[in-house]
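Here's the structure we're looking at; comments come further down.
The figures here come from the full heavy-atom set of this structure, side chains too, leaving out hydrogens, waters and symmetry mates. All of these numbers come straight from a predicted model, not from anything done at the bench. Residue numbers run from 1 in the order of the sequence given.
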Amino acid sequence: MEKKKFGRKLLVGVLASAISLVGGTSAFAYDGFADSVRTAHPLNGPVGGISSLIQGSDDVDWYSWTNTGPTVYITATLQSPTGKNYDLHVAMMTNGINPTSIGAATDHGVGGADTFATAVIHSGTIYYQVRGQKGSDYDYNVPYTLNITN
């Protein structure tokens, strides 16, 4: 493993540990992590914060959550790193076959927090995709934060 990549992974591990101490979780980002709907990182429910990195112009991170209770209204908020503009796209699967895009969060620009709210029915699965808005919107060192609340 290159020394540079080891340092980035160490930073992500240290950040993850710090975040977990205050109630958040980390996705332990690395290139190839949760890069598609089929490999989405499953969440156990609404969470106080997921912290991860977008590591290149073509890197995306996917997260999923399946509602096992009654219909619930949930809100996802993506906080972009300072100086970067990340986008939050949302898809939902209610038929058990394929997820369908249901939209994107309103873009609040560079360093902003984008928010998307929707209802999720019993047994429905919601998917969140985080990606840079343009080719230069990524950062090897500064994570984004995704909060999901109900």
Side-chain angles (χ1 to χ4, degrees), residues 1 5 8-9 11-13 15-17 19-20 23-150:
M1 180 182 299
K5 285 186 178 182
R8 285 186 205 123
K9 288 184 180 189
L11 172 64
V12 171
L15 289 171
S17 297
I19 290 167
S20 67
T25 61
S26 171
F28 295 101
Y30 57 88
D31 203 11
F33 166 80
D35 285 342
S36 70
V37 168
R38 300 286 177 229
T39 62
H41 180 71
L43 305 172
N44 292 326
V47 294
I50 299 164
S51 181
S52 193
L53 301 169
I54 296 297
Q55 296 183 317
S57 60
D58 61 347
D59 189 18
V60 298
D61 291 342
W62 283 92
Y63 301 92
S64 67
W65 176 70
T66 300
N67 183 12
T68 58
T71 298
V72 64
Y73 194 76
I74 59 175
T75 302
T77 302
L78 170 65
Q79 177 62 59
S80 295
T82 301
K84 302 299 176 190
N85 189 7
Y86 289 4
D87 287 340
L88 178 65
H89 295 266
V90 184
M92 189 164 326
M93 180 168 45
T94 57
N95 62 5
I97 300 170
N98 290 311
T100 302
S101 175
I102 60 171
T106 302
D107 184 22
H108 289 266
V110 175
D114 300 350
T115 301
F116 190 93
T118 191
V120 182
I121 65 170
H122 174 73
S123 297
T125 300
I126 191 160
Y127 295 88
Y128 297 104
Q129 180 199 58
V130 177
R131 67 180 182 195
Q133 186 175 74
K134 58 186 180 187
S136 60
D137 284 323
Y138 65 91
D139 195 317
Y140 288 104
N141 300 308
V142 182
Y144 62 82
T145 303
L146 178 64
N147 291 296
I148 302 170
T149 57
N150 60 356

Worksheet item: Do you know which two heavy atoms are closest between Ile102 and Phe116, and how far apart they sit?
Response: O-CZ, 3.8 Å
Fill in: Test item: Tyr86 and Asp139 side chains (from C-beta on) under 4.5 Å apart, heavy atoms
yes
Worksheet item: Rounded to the nearest 0.5 Å, how far does CG of Asp61 lie from OH of Tyr144?
Response: 3.5 Å
Worksheet item: Roughly how far apart are Tyr63 OH and Leu88 CG, rounded to 0.5 Å?
Response: 10.5 Å
Worksheet entry | Straight-line distance of Asn98 CG to Thr100 OG1, nearest 0.5 Å | 7.0 Å
Worksheet item: Checking side chain to side chain contact (heavy atoms under 4.5 Å, CB included) for the pair Ile126/Ile148: CA distance, chi angles, key distance, verdict?
Response: CA-CA 11 Å; Ile126 191 160; Ile148 302 170; over 6 Å; no
Worksheet item: Any donor-acceptor pair under 3.5 Å linking the side chain of His122 with the backbone of Gly69?
Response: yes
Fill in: Gap separating the OG1 atom of Thr94 from the CD1 atom of Ile121, nearest 0.5 angstrom
5.0 Å
Fill in: Main-chain N/O of Val120 paired with Asn67 side-chain donor or acceptor, under 3.5 Å
yes
Worksheet item: If you round to the nearest 0.5 Å, how far is CE of Met93 from OG of Ser123?
Response: 10.5 Å
Item to complete: Search all heavy atoms of Gly49 against all heavy atoms of Asn147 and return the closest pair with its distance.
Response: CA-OD1, 3.1 Å
Worksheet entry | Distance-minimising heavy-atom pair for Thr71 and Ala119 | CG2-CB, 4.2 Å
Discussion item. What verdict does the side chain to side chain contact (heavy atoms under 4.5 Å, CB included) test give for Leu78 and Tyr128, after you've listed the backbone C-alpha separation in whole Å, the side-chain angles of each residue and the deciding distance to 0.1 Å?
Written reply: CA-CA 10 Å; Leu78 170 65; Tyr128 297 104; over 6 Å; no
Fill in: Any donor-acceptor N/O pair, Asp114 side chain to His108 backbone, under 3.5 Å
yes
Worksheet item: Can you name the closest pair of heavy atoms from Tyr127 and Val37 and give their distance?
Response: CE2-CG1, 3.7 Å
Fill in: Nearest non-hydrogen partners of Gly135 and Ser57, listed with the distance
O-CB, 3.2 Å
Fill in: Rounded distance [0.5 Å steps], OH in Tyr138 versus CG in Asp58
9.5 Å
Worksheet entry | Expected output: side-chain Lys84 to main-chain Gln133 donor-acceptor under 3.5 Å | no
Worksheet entry | Partners meeting side chain to side chain contact (heavy atoms under 4.5 Å, CB included) with Thr77 (sequence neighbours left out) | Thr75, Ala113, Thr115
Discussion item. Could you check whether any side-chain N or O of Gln79 sits under 3.5 Å from a backbone N or O of Gly111, counting only pairs where one atom can act as donor and the other as acceptor?
Written reply: yes
Worksheet item: Can you name the nearest heavy-atom pair linking Gly109 to Asn85, along with the distance?
Response: O-OD1, 3.4 Å
